[in-house]
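Beneath this line is the structure, given in structure tokens, with notes to follow.
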Amino acid sequence: MGPVIALVPAAGRGVRLGATEPKAFVAVGGRPMLGLAVDGLLATGMIDQVIVMVPAELVDRAVALLPPSPLVRVVVGGVERIDSVRAGLAAAADAGYVLVHDAARALTPPDLIARVIAELRAGHPAVVPVLPVVDTVKSVDRAGTVTGTPDRATLRAVQTPQGFAADLLRTAYATPGIATDDAGLVEQLGVPVRTIPGDPLAFKITTPLDLRLADAVLTAADSSVVGNL
Ligand code: C5P
């Protein structure tokens with residue numbers, strides 16, 4: 001069925017985090033997020049190659065901080081996340097399956113990654129981890145006035161890794177469309193996207209508060225704290 005290749009978009013500037021360096025290079029618990037995210041992928045023992053996409057000027061730094069494994073490659077990302085994933089896909093020519101996994105989800109448990117791969121191998125061409133939404137969500141107009149309240153029971157927050165049959169993701173990226181995640185492009189092709197239970201630890205480190213939470217999780221003296229999240 002072909003190799004499993006993980007693409008790790010890490011070329012974002014991390015403006016919302018307010019850090020002085022790109023987000024994936026910001027340390028969590030003493031280690032750059034990018035290193036933690038790649039370690040999590042390799043720890044599954046189910047991935048044939050990891051391709052990391054970073055800003056052009058940070059390629060050397062990324063190589064230096066990543067494990068010196070023949071399984072890990074670094075390529076230059078793009079202006080938008082979609083451009084970075086496209087660059088990674090171009091470098092993953094022999095992939096049978098592709099996982100797209102944000103470096104910013106640095107604490108993602110290997111078990112979650114393994115479950116996504118298992119669903120792909122079971123024949124589902126598109127798989128995403130999701131969690132129930134805890135807040136009520138409103139839609140608003142440009143003035144900020146509420147225009148609707150979708151039924152929360154039908155909503156899910158989507159995490160990564162998102163897994164795809166490689167040919168399907170290539171077709172999705174070759175088809176004009178707009179989406180805020182990779183599965184969104186696949187949905188536009190009319191292909192069913194399977195959801196599996198996500199994990200709270202796969203949260204995206206986006207704001208300074210997220211960073212403090214991630215630091216606290218990693219430095220928690222009592223590892224049972226993590227087990228109970
Ligand atoms: O900005 P956001 O948090 O949505 O970014 C999600 C992931 O996409 C991050 O890991 C970020 O580094 C990556 N990204 C990228 N190339 C960009 C923008 C974001 O690889 N141009």
Side-chain angles (χ1 to χ4, degrees), residues 5-29 31-42 47 49-66 72-92 95 98-110 112-113 116 128-131 133 156-164 169 172-173 177-186 198-215 218:
I5 299 188
L7 307 181
V8 182
R13 300 286 159 183
V15 174
R16 286 169 293 181
L17 195 57
T20 54
E21 55 193 345
K23 180 160 74 171
F25 294 81
V26 172
V28 179
R31 288 205 50 213
M33 290 185 210
L34 178 56
L36 291 169
V38 171
D39 281 358
L41 288 161
L42 294 177
I47 289 174
Q49 189 167 51
V50 178
I51 300 176
V52 176
M53 294 82 79
V54 300
E57 70 278 14
L58 292 176
V59 169
D60 290 347
R61 208 170 134 202
V63 170
L65 74 83
L66 289 166
V72 180
R73 286 176 61 193
V74 178
V75 301
V76 176
V79 176
E80 304 288 342
R81 184 183 182 280
I82 197 169
D83 305 313
S84 297
V85 174
R86 196 171 270 123
L89 262 182
V98 173
L99 301 186
V100 186
H101 185 42
D102 291 332
R105 297 185 190 271
L107 274 53
T108 303
L112 173 59
I113 300 164
V116 171
V128 298
V130 298
L131 289 178
V133 173
R156 300 290 182 272
V158 184
Q159 303 180 319
T160 73
Q162 298 191 351
F164 306 94
L169 192 61
Y173 267 80
I178 298 173
T180 51
D181 70 343
D182 304 286
L185 293 174
V186 168
D199 192 303
L201 284 172
F203 69 99
K204 185 165 69 171
I205 301 169
T206 306
T207 66
L209 180 60
D210 297 330
L211 194 56
R212 292 186 68 170
L213 175 61
D215 267 325
L218 286 181

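Atoms within each ligand, like the ligands themselves, are counted from 1 in listed order. Everything numeric here is computed off the predicted structure, so don't read it as measured data.
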Subject >> Note, Pro129 side chain near Val116 side chain (heavy atom, < 4.5 Å) >> reply: yes
Original post:
At a non-hydrogen distance cut-off of under 4.0 Å, which region of Glu80 contacts ligand 1 (side chain, backbone, both, or neither)?
Top reply: backbone
Original post:
Can you tell me which residue and heavy atom of the protein come closest to atom 13 (C) of ligand 1, and the distance to 0.1 Å?
Top reply: Pro9 O, 3.5 Å
Original post:
Quick check: does any side chain N or O of Arg86 sit under 3.5 Å from a backbone N or O of Gly78, one acting as donor and the other as acceptor?
Top reply: no
Original post:
What do you reckon, does Gly78 put a non-hydrogen atom under 4.0 Å from ligand 1?
Top reply: yes
**OP:** Compute the minimum heavy-atom distance from Ala24 to ligand 1 and say whether it is under 4.0 Å.
**Re:** no
Subject >> Minimum heavy-atom distance Arg61-Phe25, with the two atoms named >> reply: NH2-CB, 3.6 Å
**OP:** Enumerate the atoms of ligand 1 whose separation from the nearest heavy atom of Lys204 is less than 4.0 angstrom.
**Re:** 2 (P), 3 (O), 4 (O)
Original post:
Does the protein put any heavy atom within less than 4.0 Å of atom 1 (O) of ligand 1?
Top reply: yes
Original post:
For ligand 1, which atoms sit closer than 4.0 Å to a heavy atom of Ser84?
Top reply: 15 (C), 16 (N), 17 (C), 20 (O), 21 (N)
**OP:** Please report which non-hydrogen protein atom sits nearest to atom 7 (C) of ligand 1, along with the residue it belongs to and the distance in Å to one decimal place.
**Re:** Asp102 OD1, 3.3 Å
Original post:
Numbering the atoms of ligand 1 from 1, which are under 4.0 Å from a heavy atom of Gly12?
Top reply: 11 (C), 12 (O), 13 (C), 14 (N), 15 (C), 16 (N), 17 (C), 18 (C), 19 (C), 20 (O)
Original post:
Does Arg31 CZ have over 12 foreign heavy atoms under 6.0 Å away?
Top reply: yes
Original post:
How long is the gap from CZ on Arg105 to CG on Asp210, to the nearest 0.5 Å?
Top reply: 10.0 Å
Original post:
Judged by atom type as modelled, is there a donor-acceptor pair below 3.5 Å linking the side chain of Ser84 to the main-chain atoms of Pro9?
Top reply: no
Original post:
Gln162 pairs by side chain to side chain contact (heavy atoms under 4.5 Å, CB included) with which of Val186, Leu7, Asp181?
Top reply: Asp181
Original post:
Among the heavy atoms of Val79, does any lie under 4.0 Å from an atom of ligand 1?
Top reply: yes
**OP:** With heavy atoms of Lys23 as the reference, note each atom of ligand 1 found under 4.0 Å away.
**Re:** 3 (O)
Original post:
Can any side-chain N or O of Lys23 pair as donor or acceptor with the backbone N or O of Ile205 at less than 3.5 Å?
Top reply: yes
Original post:
Does Glu80 CD have over 12 foreign heavy atoms under 6.0 Å away?
Top reply: no
Subject >> Residue, atom name and distance, where the atom is the protein heavy atom closest to atom 20 (O) of ligand 1 >> reply: Ala11 N, 2.8 Å
**OP:** Output the list of atoms in ligand 1 that are nearer than 4.0 Å to some heavy atom of Ala10, sorted by atom number.
**Re:** 12 (O), 20 (O)
